[in-house]
4 protein chains.
Amino acid sequence: MAAPSSDGVASAGPERIRDADRTRAEILDTAAREFAEKGFDGARVDEIAAKTRTTKRMIYYYFTSKDQLFVEVLERAYTVIRSLEQHLDVDHLDPAEAIRQLARLTFDHHESHPDFVRLVSIENIHRAEHIARSKALSNLANPALDVLTRILARGREAGQFREDVDALDVHMAISAFCVFRTANRYTFNAIFDRDMLDPALRDHHRRMVADMLVSYLTTR
Amino acid sequence: MAAPSSDGVASAGPERIRDADRTRAEILDTAAREFAEKGFDGARVDEIAAKTRTTKRMIYYYFTSKDQLFVEVLERAYTVIRSLEQHLDVDHLDPAEAIRQLARLTFDHHESHPDFVRLVSIENIHRAEHIARSKALSNLANPALDVLTRILARGREAGQFREDVDALDVHMAISAFCVFRTANRYTFNAIFDRDMLDPALRDHHRRMVADMLVSYLTTR
Amino acid sequence: MAAPSSDGVASAGPERIRDADRTRAEILDTAAREFAEKGFDGARVDEIAAKTRTTKRMIYYYFTSKDQLFVEVLERAYTVIRSLEQHLDVDHLDPAEAIRQLARLTFDHHESHPDFVRLVSIENIHRAEHIARSKALSNLANPALDVLTRILARGREAGQFREDVDALDVHMAISAFCVFRTANRYTFNAIFDRDMLDPALRDHHRRMVADMLVSYLTTR
Amino acid sequence: MAAPSSDGVASAGPERIRDADRTRAEILDTAAREFAEKGFDGARVDEIAAKTRTTKRMIYYYFTSKDQLFVEVLERAYTVIRSLEQHLDVDHLDPAEAIRQLARLTFDHHESHPDFVRLVSIENIHRAEHIARSKALSNLANPALDVLTRILARGREAGQFREDVDALDVHMAISAFCVFRTANRYTFNAIFDRDMLDPALRDHHRRMVADMLVSYLTTR
DNA sequence: TATGAATGAGCTTTCATTCAT
DNA sequence: AATGAATGAAAGCTCATTCAT
């Protein structure tokens, strides 16, 4: 469709390739949902196949193994947030406001991608063995860190920010807060009867991370 | 031994019960380790039995099902931190210092009980279905919350603390930070090459949670 | 049957054990036939189970793996000929006649146990990896060798036999001939159109091995 | 190259055919090794393809099926020994010496072509079904038999050889001995700890077959 | 109370082969 | 003549659980 060809025969080649990509993508989507839903060991290749327009055999044809499928699911999941971070443009902002923006970006992403958060939880239960096996993931640097490093430097230079924290600490503090709301939603709700999905609470927490980080960084 | 009886036969009763308790405890210990290590679906009843001095059959005899075994493993795991929180005595302290102490207690507990943190992660992947099934867990209130509520009240009365945060928010913020260090240790290390087990980093983060919460609460 | 018990309850224990043994034996019989028929890789655990009054699951319960099942099939197959050899009593015979008798014993056994010969062929294709894994087989000495050693010693002392051959050489020569008739029956028949099963040929060959070995040993 | 043509297009014909032959030959070589190594059912078409400079698809293109591939592998394997036998010239020798020479030829061939011996073993496990399917193999007479028939006739005429043996019996006796050393090498070694590859033993056995047959034939 | 034996259902993965140009 | 993509059918094996006393 995007690239119509002048003859029916020649177009068959590219079309099939496109189909293969679409099939791969469909499998990846479904697998992401299943893995996020049931965990790596709880997910069933049979079930993933059933929820796809392909067969189990095709999953193995394209992905070789359940493990490799999970690796590629993770790769795709990380792609989204990496891309968001990449497009973050906060160098023109006041350092405190830049921190807030970054916190909100992380918050919003995690809030709207609970499956990503769950997949990361699952991968941690498996001691990040799939990430270790993925060149794409283990080599890929995190753009948010560069952004953060620059913000912190500017904040310190302006005498606004404390000096005993590095970018990774801040990234962790933000991630921890945002991840927890999704990852630990169920035990928190079961024990404290607090519904993390409540929109008001959501907005409150969204402000809270930002505030918490800024107040921490600006305290000396 | 503690309660010698005059005849050999009768003593078998209490003795056996004691043995049963010991067997149950051994199974629970081993199961906790296996579940924490491999996740709920990754853990094998066979493997748990093999690492015990009992048999698989005994696990079913005492715990009915793998799910119920996990329920009881969780119950035991939560007992430890509940007990710590119960014995926390900070009512005589300055509210800020009380917050710091609570943060440190959580930090230290999670740091020294990585299996607890992993079990909670796993239970969240399973949407807290086991907690829901456990009367002990779903009914048990959290003593830390009462403590926190009192600290916040005192802090607000003294005009030291902000008013737009409740005890559960603070508890969550502390937990999130402390849980993350353990729960997301592996992906964090794989992606950022940061070793959460480094003692210096550990001390730094221990101060960081406390500082972060206090600076947040004292900012108005 | 052999040991009737006076009460129904007590007999249940031994009965069940007897059943387990019977089931094991049935599986072993069927497996031997299937492996001999199709080879190790050609045989199907499913098929073996189907030809049994048990299930595939039981095969794994009793034998752990297809490999281990083959190991035990081999162990049983070797038991028969070992037992025959053990009961061979030729020390009172003239050395030449003793050789003839041993040759005939091997010939008759192989002739009446084509499955044994095939199993050995199959095991050789697999480089005797199953025998290597079997304590029973790799440790078991061959009684025929002791017998042969004594026959050869007596033959040499009497000046009847040549001196440049050891028991293993003779055993090999006899085995080679007897094994070939069964093991290579099919290619021989396909290429030369000779039916190894023909009774006259069988008798002729039975005499032939004995004659061949004796004439060889008595030639100096 | 060998036959340059005046235009590029036309030359593609012969060139391609030559390539096809080379590809076929490469596949046959690799397949022979794989089948001999793993057996018919143990060998993997995928693996054969991987060890070739072609693809699995080409194997099917040229050989139609795994079975047919094995048929052609067998055909090629038999070609070698047939050719050796064809060139055997013993009509001018003393019958006994002629027998020795034939025995040595078989011995040497089998000794230096263990894969041939294994392939024959494997084909026998499959009841020679592939040979039956091959016109080349099922029709091809064995030149060794003609040679042997002539030798035996001369031996009998000279009063040297016994009369109750035909060429096929002798051929079988020789083959059995020579085949066994290779085909049953592994079980023999596992059980008796005898290394058939030992050069001294090899020489000893080489003399042994020849001696055994001659002594047998010359005994009346 | 305690337990050895048994098992149905289902798991991931593999295999030779065919489809479709 | 040549080939990349796709696949149905089954394979070996494992799992939590129950049977039967």
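What you are looking at is a predicted structure, and each value in this text was computed from that prediction instead of being measured.
Summarising the geometry, the separation between NZ on A:Lys38 and P on E:dT12 is reported as 11 Å, rounded to the nearest angstrom. Distance B:Phe63 CZ to F:dT17 P: 14 Å, rounded to the nearest Å. What separates CZ of C:Arg24 from P of E:dG4 is a distance of 18 Å, to the nearest Å. Here E:dC15 presents its P atom at 12 Å from CD1 of D:Ile48, a figure rounded to the nearest Å. The nearest whole Å value for the distance from the CG atom in A:Asp46 to the C1' atom in F:dG8 is 14 Å. Rounded to an integer number of Å, the gap from CD1 of B:Ile59 to P of F:dT18 is 14 Å. The CD-C1' distance, from A:Gln68 to E:dT12, rounds to 15 Å in whole Å. Going from atom OH of B:Tyr60 over to atom C1' of F:dA20 covers 18 Å, rounded to whole Å.
Residues B:Met58 and A:Val45 each lie close to DNA chain E; by heavy-atom proximity, the contact nearer the 5' end of the strand is made by B:Met58. Remark on DNA chain F: of its neighbouring residues A:Tyr62 and B:Asp41, the 5'-side contact belongs to A:Tyr62, judged by nearest-heavy-atom nucleotide. Nearest-nucleotide assignment on DNA chain F puts the 5′-proximal partner with D:Thr54, out of D:Thr54 and B:Lys66.
Between C:Arg22 and C:Glu26 no salt bridge is recorded (no basic side-chain N to carboxylate O distance below 4.0 Å).
Under 3.5 Å, the side chain of B:Lys56 and the base of F:dT17 form at least one donor-acceptor pair of N or O atoms.
For the residue pair B:Arg24 and B:Tyr62, the shortest heavy atom distance occurs at NH1-O, 3.4 Å.
Atom CG in B:Leu69 sits 7.5 Å away from atom CD1 in B:Ile27 (nearest 0.5 Å). Rounding to the nearest 0.5 angstrom, the gap separating the CG atom in C:Asp29 from the CD atom in C:Glu34 is 12.5 Å.
Note on D:Ala49: nothing from the nucleic acid sits closer than 4.0 angstrom, heavy atoms only.
With a cut-off of 3.5 Å on both Watson-Crick or G-U wobble distances, the partner of F:dT21 is given as E:dA2.
Distances were taken from every side-chain heavy atom of A:Ala20 (C-beta onward) to each of E:dT12, F:dA6, F:dA2; the shortest belongs to F:dA6. Distance from the side chain of B:Arg57 is smallest for F:dT18 among the nucleotides F:dT18, F:dA5, E:dT17.
For the pair B:Tyr61 and E:dT3, the criterion of a side-chain N or O lying under 4.0 Å from OP1 or OP2 is not met. B:Arg44 has no side-chain polar atom (N or O) that falls below the 4.0 Å cut-off from OP1 or OP2 of F:dT14.
C:His126 and C:Phe70 have their aromatic ring centers separated by at least 6.0 angstrom.
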